[in-house]
Amino acid sequence: MESKNTDSSAQFVNRKKERTVIVGSAVLIIAALTVAGLYVSTSQQEDIILQDLTGIEETTENEFNSVLEEELEEAEDVQSSTVENPGRTGSSTNSSSTSSGSASTAQIGSTVKTGETLTSESITEEELLNEEAVTDELLSEAVEEMMYSFTGENMIWPIAENYEILIPYSMDKAVYFTTLDQYKYSPAMVISAEVGTPVYAVSAGKVTSKYWNEETGWTYEMDLGGGFAAYYGQLDYNTMEKEVDTYVAAGDLLGYVAEPTKYYSLEGANLYFEMTKDGTPVYPMDYLGQE
């Protein structure tokens with residue numbers, strides 16, 4: 001009887017050990033599977049993150065390259081474009097210079113060196129060459145600054161081509177006026193030009209008067225700064241769009257040549273161009289230059 005009890009006890013202990021081993025093994029297996037699952041999950045997440053980062057990097061690089069190409073193309077367009085000066089420095093004989101009718105406001109830079117500061121806000125000529133950036137306020141500030149330091153240098157011709165001097169400036173001796181059939185002093189140059197010829201501002205300035213004169217017809221008076229003034233006569237009133245107190249840049253279109261007044265009927269269509277310094281007539285060719 002005692003032997004049976006001993007066998008039963010041994011069997012119970014053995015079964016208990018087996019269960020413990022089984023449970024322990026199961027725990028170990030579950031733990032191993034859990035660790036493996038975490039590792040796989042972590043690796044997958046890292047792969048996804050790396051893929052996302054790679055995609056972002058590629059997208060950013062593509063966008064950057066696209067923007068860079070656009071900026072380079074715009075820079076090349078600006079460099080390749082040319083802004084022709086509608087006026088000219090030189091000859092009183094026929095000129096080979098060309099004109100496309102109306103000169104751009106952006107040509108304000110023609111009176112200063114490239115890159116020179118034009119305003120107190122450090123606006124450069126290159127920025128002014130962009131017509132969209134030139135506002136009336138910016139133009140007036142730049143012109144005022146140039147007027148303040150104007151010395152009569154770097155001026156352009158008011159007519160670009162196909163002209164000659166019909167009556168020269170002469171304040172030291174009388175010259176002959178064909179229509180009037182008389183000799184008298186000439187405070188201005190009478191420059192031949194066909195009706196409809198465009199007339200340009202010789203320098204930056206401000207319109208101080210727009211009036212009719214029996215001799216010079218419709219005329220602009222322009223303050224150039226530094227005591228200098230310019231007068232443009234024999235203009236077609238319907239094309240004179242610049243009003244009093246308006247600022248203009250060098251090369252701006254002022255209007256077109258009209259039929260001559262009765263004082264110049266024999267000389268023919270012309271531009272009456274006069275310059276003064278502190279109210280006294282001066283020789284325009286000293287400032288316009290000649291070949």
Side-chain angles (χ1 to χ4, degrees), residues 84-103 155-203 205 207 209-222 224 228-242 248 250-276 281-291:
E84 294 186 358
N85 192 331
R88 64 185 293 272
T89 299
S91 176
S92 61
T93 59
N94 288 351
S95 168
S96 61
S97 301
T98 58
S99 168
S100 58
S102 175
M155 291 172 55
I156 64 175
W157 274 74
I159 293 179
E161 60 180 355
N162 299 328
Y163 67 86
E164 63 176 323
I165 306 301
L166 294 175
I167 302 175
Y169 166 91
S170 181
M171 292 300 289
D172 57 351
K173 65 179 181 179
V175 293
Y176 184 66
F177 284 70
T178 304
T179 302
L180 300 177
D181 191 22
Q182 62 177 275
Y183 286 87
K184 66 174 188 172
Y185 293 114
S186 175
M189 293 193 311
V190 177
I191 307 171
S192 71
E194 295 180 359
V195 173
T197 298
V199 177
Y200 304 101
V202 297
S203 180
V207 178
S209 184
K210 177 181 179 182
Y211 61 90
W212 167 263
N213 178 276
E214 188 177 38
E215 179 181 353
T216 64
W218 279 104
T219 305
Y220 271 132
E221 178 182 353
M222 197 86 62
L224 306 182
F228 287 89
Y231 299 82
Y232 307 80
Q234 305 281 6
L235 297 180
D236 180 353
Y237 176 77
N238 294 324
T239 65
M240 299 171 69
E241 297 183 356
K242 306 296 184 183
V248 299
D252 272 1
L253 179 65
L254 300 181
Y256 295 84
V257 172
E259 295 287 349
T261 62
K262 62 183 181 181
Y263 286 80
Y264 299 96
S265 59
L266 295 181
E267 283 83 358
N270 67 84
L271 169 69
Y272 176 95
F273 181 72
E274 179 182 353
M275 284 185 64
T276 62
V282 295
Y283 184 36
M285 297 294 279
D286 284 341
Y287 306 98
L288 296 175
Q290 54 186 321
E291 294 179 350

Using a 4.5 Å cut-off on heavy atoms from C-beta on, say whether the side chain of [Y] contacts that of [X].
| X | Y | answer |
| --- | --- | --- |
| Pro187 | Tyr272 | yes |
| Phe273 | Val199 | no |
| Pro158 | Tyr200 | no |
| Met275 | Met189 | no |
| Trp157 | Ile191 | yes |

- Answer yes or no: is there a donor N or O on one side and an acceptor on the other, between the side chain of Ser170 and the main chain of Ser186, under 3.5 Å?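 No, because the side chain of Ser170 does not come within donor-acceptor range (under 3.5 Å) of the backbone of Ser186.
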- Donor-acceptor contact present, side-chain Thr261 to main-chain Glu215, <3.5 Å: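 The answer is yes, because a donor-acceptor pair under 3.5 Å joins these two groups.
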Atom of [X], atom of [Y] and distance for their closest heavy-atom approach:
| X | Y | value |
| --- | --- | --- |
| Val248 | Ala201 | CG2-CB, 4.1 Å |
| Gln234 | Glu259 | OE1-O, 3.9 Å |
| Leu166 | Ala269 | CD1-O, 4.5 Å |
| Pro198 | Leu253 | CB-CD1, 3.7 Å |
| Pro281 | Glu274 | CG-OE2, 4.1 Å |

From [atom1] ([X]) to [atom2] ([Y]), nearest 0.5 Å:
| X | Y | atom1 | atom2 | value |
| --- | --- | --- | --- | --- |
| Thr197 | Tyr256 | OG1 | OH | 10.0 Å |
| Asn270 | Ile167 | CG | CD1 | 7.5 Å |
| Ile159 | Glu164 | CD1 | CD | 11.5 Å |
| Leu224 | Tyr287 | CG | OH | 11.0 Å |

- Task: Please identify each residue that fulfils side chain to side chain donor-acceptor pair (under 3.5 Å) with Thr219, with sequence neighbours left out.
- Result: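 Testing Thr219 for side chain to side chain donor-acceptor pair (under 3.5 Å), a comparison that skips the adjacent residues, returns Thr216.
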- Can you check side-chain contact (heavy atoms from CB on, under 4.5 Å) on Leu288 and Met155, steps first, answer last? CA-CA 5 Å; Leu288 296 175; Met155 291 172 55; 4.0 Å; yes
Run the side-chain donor-acceptor check on residues 175-185: report pairs under 3.5 Å with partners two or more places apart or on a different chain.
unit_1: Tyr176; atom_1: OH; unit_2: Asp181; atom_2: OD1; d: 2.4
unit_1: Thr179; atom_1: OG1; unit_2: Ser265; atom_2: N; d: 3.4
unit_1: Thr179; atom_1: OG1; unit_2: Leu266; atom_2: N; d: 2.9
unit_1: Thr179; atom_1: OG1; unit_2: Glu267; atom_2: OE1; d: 2.4

- Query: Between Tyr220 and Tyr232, is the gap from one ring center to the other below 6.0 Å?
  - Reply: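 No: the rings miss the under 6.0 Å criterion.
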- Message: Test side-chain contact (heavy atoms from CB on, under 4.5 Å) on Met222 and Leu254; report intermediate values, then the result.
- Response: CA-CA 11 Å; Met222 197 86 62; Leu254 300 181; 3.9 Å; yes
- Query: Can you list the residues that meet the ring pair (Phe, Tyr, Trp, His ring centres under 6.0 Å) rule with Tyr237, with sequence neighbours excluded?
  - Reply: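 So Tyr237 forms a ring pair (Phe, Tyr, Trp, His ring centres under 6.0 Å) with Trp218.
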- Step by step, work out the side-chain contact (heavy atoms from CB on, under 4.5 Å) result for Tyr211 and Glu221. CA-CA 8 Å; Tyr211 61 90; Glu221 178 182 353; 4.3 Å; yes
